[in-house]
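Take a look at the structure below.
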Amino acid sequence: MPARRRTLIAGNWKMNGLRQAKAELRAVAAGMGGVGAELMLCPPFTLIAAFAADVAGTSLMIGGQDCHAAESGAHTGDVAAEMLKDAGAVAVILGHSERRADHREGDAVVKAKVKAAWRAGLLPVVCVGETLDERDAGEAAAVVTRQLRQSVPDGATADTLVVAYEPIWAIGTGRTPTTDDVAQIHGAIRHLLAERFGAEAEGIRILYGGSVKPDNAAALLATADVDGALVGGASLKAADFLAIARAAP
Ligand code: PGA
């Protein structure tokens, strides 16, 4: 990995966590000494401000899991990128497959949200990934690169984009692709990024997500073009999250 791409381990808490979960946050912050990777936790909206205040002064970053494309307005129940930023978030996960499925978010919506993240000064983590049927049909790379082409606006740089490859069939299932399959998709993503963003592509981090656990993290994180992980279930426990972070090369 070029020196410019610092490994990023991001935890996606999804719809998990009450205020008492701050104990896990504190355990991560207390245990991250000696970890070379950048660490980020993305709790639900309700915990962002409290978590961000709690880790102020440490290098642990706090991110959101979604935002609306607009800056403000009549959008009941939604949260603007500016609000995440105001609450202390530095990044936001966008286009997660659960958002794409549960809220019918298509690539155009994701693209508008990436622009909103840029407007607010947040780092977007843009998720792409194929279904099992698409993988079985040999279409994984085509699906993922199409999603990426349509979900990421022009003008992305190494400092303003993180991509997360998350095969839908690997999320929360305990199943993972082979490292050869991961390398192939990450290579295809890098190739597309180079086509679109030239030399910046070498610095854009591409995370793998989907059933990353302490026991498979070392192999996945050592795979070509894998610059970190987006971790769901295993990020809820500080010990597991830190074990994954320590597995980074
Ligand atoms: P998982 O989730 O690690 O629980 O499979 C990953 C994700 O959806 O980001």
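Every number for a ligand or one of its atoms is a count from 1 in the order of the listing. All heavy atoms count here, side chains included; hydrogens, waters and symmetry mates do not. This one's a predicted model, so the numbers in the text were calculated from it and none came from an experiment.
Applying side chain to side chain contact (heavy atoms under 4.5 Å, CB included) to Leu39 and the options Ile244, Val55, Ile9 leaves one that passes, Ile9. Exactly one of Val109, Val128, Ile168 qualifies for a side chain to side chain contact (heavy atoms under 4.5 Å, CB included) with Arg100. That residue is Val128. Checked options His103, Lys113, His96; the residue passing with Asp66 is Lys113 (criterion: side-chain hydrogen bond (donor to acceptor under 3.5 Å, both in side chains)).
Clustering of Ile, Leu, Val, Met, Phe, Trp and Tyr side chains at separations under 4.5 Å places Leu132 together with Trp169.
Between Trp13 and Phe51, the ring-plane angle classifies as perpendicular under the 30° and 60° cut-offs.
With respect to Asp107 and Arg146, no salt bridge is recorded, no charged nitrogen being found less than 4.0 Å from a carboxylate O.
Closer than 4.0 angstrom to ligand 1 sit non-hydrogen atoms from Asn12, Lys14, His96, Glu166, Ala170, Ile171, Gly172, Gly210, Ser211, Leu230, Val231, Gly232, Gly233.
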